[in-house]
Structure formats: C-alpha cells, structure tokens
Amino acid sequence: VPTTNLANQKCLPYKWGVGRRRHPHYDWNSASRGFSESPQHVTRYATARQIVDALVNRSRADASSERLAAERLRPEFDALVERWRRETQHLSLISKKVAHPAYFRIIGMGKPVVPLVLEELRDRPSHWFVALRFTANTDPVPQGANPSRAREAWLEWGRAEGLVE
Amino acid sequence: MGLEDIERDFPLLRRSENYTEASIEDFNYNCFAFVLGDYRNWWEPPALFGHYWPPGFTEDVRVETATAIIKLHGFIVELERNTVPLAESIAIYAKGKDWEHFAKFENGVWKSKIGEDHDITHSSLELLEGDMYGHVVKILSRSST
C-alpha cells in the first residue's frame with residue numbers, strides 16, 4: 001500500500017482498483033465477472049507442471065530400470081531362496097536364519113534385488129525384513145508391528161515405489 | 001514347505017505313528033510365542049524387524065532368561081527330565097546356554113511350533129532332539145501334581 005503524507009495532501013475519494021494490490025496469480029476479468037489466471041502465472045504453472053511430469057516420468061523410468069536390473073538377478077536369487085528356505089525353515093530364531101550364507105548373499109546383491117525380495121514376501125510370506133532393511137536402506141515398518149503388519153508395510157512401500165505389483 | 005521337510009530335519013518323526021500336523025504354516029509366531037499362547041507375535045530379542053520381546057527382560061536367548069519369562073506365566077515347578085507331566089508344562093530345548101526350541105504339554109500330548117512351519121503334536125520330547133534343536137534341558141510345569 002503506497003504511503004501518503006496526509007498532512008500535506010487533500011483526501012481524495014476512494015477509487016476501486018486504484019492503488020490496490022493485485023493478486024499475483026489472478027486478474028479480475030470484467031467480461032466474465034470473475035478472476036482469471038494471469039498470463040505470467042499460466043507460464044509459471046506450465047513450467048511447474050512440466051517439472052512434475054518430468055519427475056514422474058523419471059521416477060517411472062527409474063522403477064522400470066530397477067526392475068530390469070532385478071530380472072538379471074532372478075536365477076541366482078531363486079536358487080538362494082530355495083536353499084535358504086530348505087535349510088532354515090524350522091529354526092526358531094530369525095537371528096540364526098538371517099546368518100545363513102544364502103541370506104547374506106541376497107543382502108549383498110544390494111538395491112537391485114529389492115523388487116525380487118518384495119515379490120517373494122508377497123507370494124510366500126517369510127522373514128525378509130532384515131534383508132529389505134539393508135538393501136532398500138529404509139524401514140517403513142511401524143514400531144511394534146508383528147510379521148503380518150511388517151509385511152503389509154513393506155508391500156505398501158514397494159507399490160508406492162513402483163517396485164512390486 | 002510340507003511335512004516331508006519336517007521329517008527330513010527331524011528323522012525320528014513318522015507321520016501318523018508319532019506325530020500329526022495341527023495347523024497350517026504361519027510365519028507370525030514361533031515356538032516361544034506358541035507355548036505361551038500367543039499366535040500373533042514372533043518372540044525373539046531384540047524387538048525389531050517384526051519381533052516381540054517382553055519388556056524388562058534382557059535381550060538374549062539364554063535359557064535362564066527364557067526360564068524367568070516362562071515362570072512369570074505361571075510355570076513355576078521344575079520337573080525331572082523323565083517325569084510325565086500331569087499339568088500344563090513347557091520343555092526347553094537348548095544347545096549350550098542358548099535356547100533353540102520350546103514344546104508344551106497340554107491335554108496329554110506334547111505340541112510344538114516348528115519354525116515358520118506347522119504346529120504339530122508329538123508323542124515324546126526325544127522326537128525333536130538332535131542337530132536342529134539340541135536337547136531338552138528343562139521342563140517347567142504349572143503344578144507338581
């Protein structure tokens with residue numbers, strides 16, 4: 001709002017729209033009697049949309065390339081899973097199950113193996129939470145979750161990341 | 001995984017002779033949870049990665065820690081190894097000082113949860129002794145009679 005020294009000026013009648021701040025994104029359109037987006041804002045908005053679209057496309061491309069990388073690991077992964085299940089299925093302690101060489105090897109495959117571990121968790125529930133924690137480098141499991149709840153949390157995360165159906 | 005796999009790991013088990021399947025496979029609970037009547041949680045320290053561990057107990061798998069937890073649930077009488085229990089009881093299998101498995105005696109039979117696999121009923125404790133679970137080191141009962 002412009003500052004006015006009232007002591008030295010006559011008080012002028014108020015005129016609508018004069019001296020008022022314009023909204024940075026909208027102009028009053030007297031023909032349609034409504035606000036319309038300013039051309040400047042339309043340009044800014046289009047740019048923002050393009051950036052978002054580019055990010056979404058990049059994210060989809062990343063997910064697609066991650067799944068492609070995972071497919072290359074599948075034969076070895078499947079063999080390791082079968083061996084791990086066969087040799088640890090009846091142990092009572094997860095700490096012993098995850099100390100198995102096959103489980104270590106799966107963790108060693110790193111981030112590219114995450115889609116395969118998520119598929120395995122979806123199709124044949126088992127204790128994959130340690131492997132996921134250290135390959136995905138995140139942990140979406142809420143405090144105090146039991147195995148079923150932990151499974152749900154990982155699958156929700158995996159779907160949001162585009163890593164599992 | 002099926003019963004064939006259980007028999008491979010526990011060669012003394014013979015289906016319909018000395019053991020029977022008592023549930024479907026379930027990865028939510030282990031033998032420790034099972035003997036204490038919890039079918040929703042996997043009891044193992046530490047309480048991370050979907051595990052449960054009762055608060056206030058040291059985070060280890062020592063037989064003495066497990067014994068304290070079991071006694072808190074009312075299994076306070078220690079029975080001799082060859083005693084046939086008359087009341088609800090829990091047997092602890094161990095290798096050295098660390099527990100490997102638990103079985104419970106209920107309604108005249110021993111019952112076990114086999115890892116992530118099935119619950120089974122078995123006619124004796126010896127059937128699960130061996131490389132996988134070690135040997136029975138302690139039996140705790142609700143009553144001496």
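Order of the sequence lines fixes the chain letters, A, B, ..., with proteins taken first and strands second; residue numbering starts at 1 for each chain.
Highest contact tally toward chain A, considering only Asn28(B), Asp9(B), Ile114(B), is held by Asn28(B) [criterion: heavy-atom pairs under 4.5 Å].
Using a 4.5 Å heavy-atom threshold, the side chains of Ile69(B) and Trp43(B) count as touching. Here the side chains of Glu80(B) and Asn82(B) are not in contact, with every heavy-atom distance at 4.5 Å or above.
With respect to Glu87(A) and Lys96(A), no salt bridge is recorded, no charged nitrogen being found less than 4.0 Å from a carboxylate O. Between Glu4(B) and Arg8(B), no side-chain nitrogen of the basic residue sits less than 4.0 Å from a carboxylate oxygen of the acidic one, so the salt-bridge criterion is not met. Remark: Arg122(A) does not engage Glu165(A) in a salt bridge, criterion side-chain N to carboxylate O under 4.0 Å.
Residues of residues 143-150 of chain A that come closer than 4.5 Å to chain B, counting heavy atoms only, are Ala145(A), Asn146(A), Pro147(A), Ser148(A), ordered by residue number.
Between Phe32(B) and Phe102(B), the ring planes lie parallel to each other; the angle is under 30°, not in the 30° to 60° tilted range.
In this structure, the portions of Ile6(B) lying under 4.5 Å from any heavy atom of chain A include both its backbone and its side chain. Heavy atoms closer than 4.5 Å to chain A are found nowhere in Tyr29(B), neither backbone nor side chain. Proximity to chain A involves both the backbone and the side chain of Phe49(B), based on heavy atoms less than 4.5 angstrom apart. Using a 4.5 Å cut-off between heavy atoms, Val141(A) makes no contact with chain B at all. With a 4.5 angstrom heavy-atom cutoff, Thr88(A) does not touch chain B via any of its atoms.
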For a side chain to side chain contact (heavy atoms under 4.5 Å, CB included) check, start with the C-alpha distance between Phe77(A) and Ile106(A), then their side-chain angles and the critical distance, and finish with the verdict. CA-CA 7 Å; Phe77(A) 175 78; Ile106(A) 289 169; 3.9 Å; yes
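Taking CG from Leu73(A) and CG from Leu116(A), the interatomic distance works out to 6.5 Å, rounded to the nearest 0.5 Å.
Judged by the 6.0 Å distance and 45° axis criteria, Lys97(A) is not positioned over the aromatic ring of Tyr103(A).
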